Amino acid sequence: MENRRLAGIALLVLSAFTGTIAFRLATPAIAFYTRDVLRASMLAVSLVSMSFVLARALTSVLGGLALERRKWLVYLGAVAMMGNALAVQLYPLTSSWIQVAGIKLLNGFLNGLSWPMAQFVVAVTTPKEIRARVTAVYFFFGSIASLLGNYAYAYTVNLGLAGQMWISSAFFVLTGLIMLLSYYLLYNRITPRSEGKSGVISLDPGKVLIIASLMAVIVAFTSGEITYVYVAETLELSRERTAVLLGWTGFTASLLSYFSSWFADVRSEAKTVKLTAFLAGISPLLTSIKTAPTVFLGVFLALFAFQSFRPISRKVLASYHRSSLAIGGVNAIQNLSTFVGGMIFGLAYSLGEVHIWLSLNLALLAFLPFSVGLFVEGMKIGKDIPPKLL
């Protein structure tokens with residue numbers, strides 16, 4: 001790749017790093033503030049988390065449509081990222097979980113504009129033969145930052161929520177500036193919509209979207225504030241230790257997911273999707289078993305499966321002639337599905353446990369019908385592949 005394109009893509013990878021530090025520092029801080037200080041129920045914590053993903057789902061599609069009409073609106077994504085810096089300053093001013101959820105809606109709206117645009121630009125400006133791997137590197141740098149963000153939370157607990165949000169704000173502003181420079185460098189290569197038919201594609205995009213939806217429902221228990229609260233309360237861990245252990249779990253899952261992306265690029269995307277569907281399907285069952293090894297193994301498998309599948313889905317949809325809308329659409333579908341999964345978890349959490357040799361959490365067992373659906377759809381992948389998508 002020539003220097004200008006390489007620099008632009010490298011900057012977007014860097015933005016995934018700095019932006020995720022900002023987000024991951026804020027997430028556990030808001031989670032434990034809502035649960036411990038505001039005394040919110042688990043359903044309320046779920047609503048806080050899911051208000052973010054619901055708003056992000058709606059604006060993901062809007063961002064894709066906007067890019068189709070005016071390519072220069074890609075810069076809006078960078079401005080929206082910087083808007084998060086102002087939004088997080090409102091959290092210390094809240095006195096109820098409803099107010100927290102309202103600010104989370106604003107965060108979701110801004111992130112729905114910013115991140116799908118960045119993912120689209122990475123996918124569409126990268127050569128097709130290495131697209132899944134480069135996209136995996138983009139998400140991997142986000143996972144490194146997730147680990148560091150969790151450590152940052154653990155080491156800044158004494159600063160209080162207000163102090164932590166100032167650090168988060170600084171990283172959001174830095175991320176927006178990096179995105180602006182990257183889009184300037186890559187602007188001539190951004191093609192939100194191409195004329196005519198798509199090129200040859202390897203998987204049926206319709207089946208990819210179905211699997212994306214089912215997987216997002218199932219792995220919703222690893223999304224946002226609910227994960228920290230569930231793990232801390234189930235295993236009776238401190239807030240700091242929970243953040244660090246989840247950070248390492250996410251980092252390890254992302255590191256290993258690069259190899260599955262490599263396998264998808266050079267060997268078989270269909271086999272990789274089948275594997276990720278199976279692992280995501282069994283993850284809630286493992287996490288429901290109230291022991292440290294099974295809880296963290298379940299979280300790990302859910303994250304590994306989702307992070308392995310995500311680059312493949314972006315690669316497939318980047319071949320569609322309305323690629324910006326397609327990538328915005330898959331983001332929207334996954335976020336809406338995550339909202340559904342989070343609400344299922346929050347509503348079922350009050351059901352408690354069942355004891356069959358081991359203690360099993362019923363909120364996680366509620367995902368098993370979706371797991372069966374994912375197994376079935378995963379087995380279908382790779383069959384009846386259309387040569388072109390109109």
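Keep in mind that what you see is a predicted model, and the values were worked out from it rather than measured. Quick note: numbers below take in every heavy atom, side chains included, and nothing from hydrogens, waters or symmetry partners.
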Q: Hey, could you give me each pair passing ring pair (Phe, Tyr, Trp, His ring centres under 6.0 Å) that has a residue in residues 90-113? Not counting sequence neighbours.
A: none
Q) Side chains of Arg5 and Leu186: does their closest heavy-atom pair fall under 4.5 Å? A) yes
Q.
For a 4.5 angstrom cut-off between non-hydrogen side-chain atoms, does Val273 reach Lys207?
A. no
Q. Are any of the side-chain heavy atoms of Thr252 and Phe304 separated by less than 4.5 Å?
A. no
Q) Within the distance-only criterion (no hydrogens, no angle test), does the side chain of Thr20 pair as donor or acceptor with the backbone N or O of Ala16 below 3.5 angstrom? A) yes
Q.
Evaluate Leu336 against Leu54 for side-chain contact (heavy atoms from CB on, under 4.5 Å), listing each step before the verdict.
A. CA-CA 6 Å; Leu336 285 171; Leu54 180 61; 3.7 Å; yes
Q. Hey, are Glu233 and Tyr349 close enough side-chain-wise for a donor-acceptor pair under 3.5 Å?
A. yes
Q. In terms of side-chain heavy atoms, does Thr175 have a donor or acceptor partner in Thr18 at a distance below 3.5 Å?
A. yes
Q. Between the side chains of Gln99 and Ser95, does any donor sit under 3.5 Å from an acceptor?
A. yes
Q. Under the side-chain contact (heavy atoms from CB on, under 4.5 Å) criterion, do Leu159 and Trp166 qualify, and how do the steps go?
A. CA-CA 10 Å; Leu159 294 179; Trp166 277 109; over 6 Å; no
Q.
Between Trp248 and Tyr151, do the side chains contain a donor N or O and an acceptor N or O under 3.5 Å apart?
A. yes
Q | Arg56 vs Trp115 side-chain heavy atoms within contact, under 4.5 Å | A | no
Q: Compare all side-chain heavy atoms of Phe141 with those of Leu12 and state whether any distance is below 4.5 angstrom.
A: no
(Q) Other residues, nucleotides and ligands only: do more than 12 of their heavy atoms fall within 6.0 Å of CZ on Arg4? (A) yes
Q. Are more than 12 heavy atoms from other residues, nucleotides or ligands located less than 6.0 Å from atom CZ of Phe370?
A. no
Q | Within-4.5 Å side-chain heavy-atom neighbours: Leu47 and Met343 | A | yes
Q: Indicate yes or no: at least one non-hydrogen side-chain atom of Val354 is less than 4.5 angstrom from one of Leu365.
A: yes
**Q.** ring pair (Phe, Tyr, Trp, His ring centres under 6.0 Å) pairs, two or more places apart, involving residues 222-246
**A.** Tyr230-Phe345
Q | Phe23: which of Tyr153, Phe17, Phe52, Phe172 passes ring pair (Phe, Tyr, Trp, His ring centres under 6.0 Å) | A | Phe52
Q. Would you find a donor on one side and an acceptor on the other, under 3.5 Å apart, between the side chain of Ser182 and the backbone of Ile178?
A. no
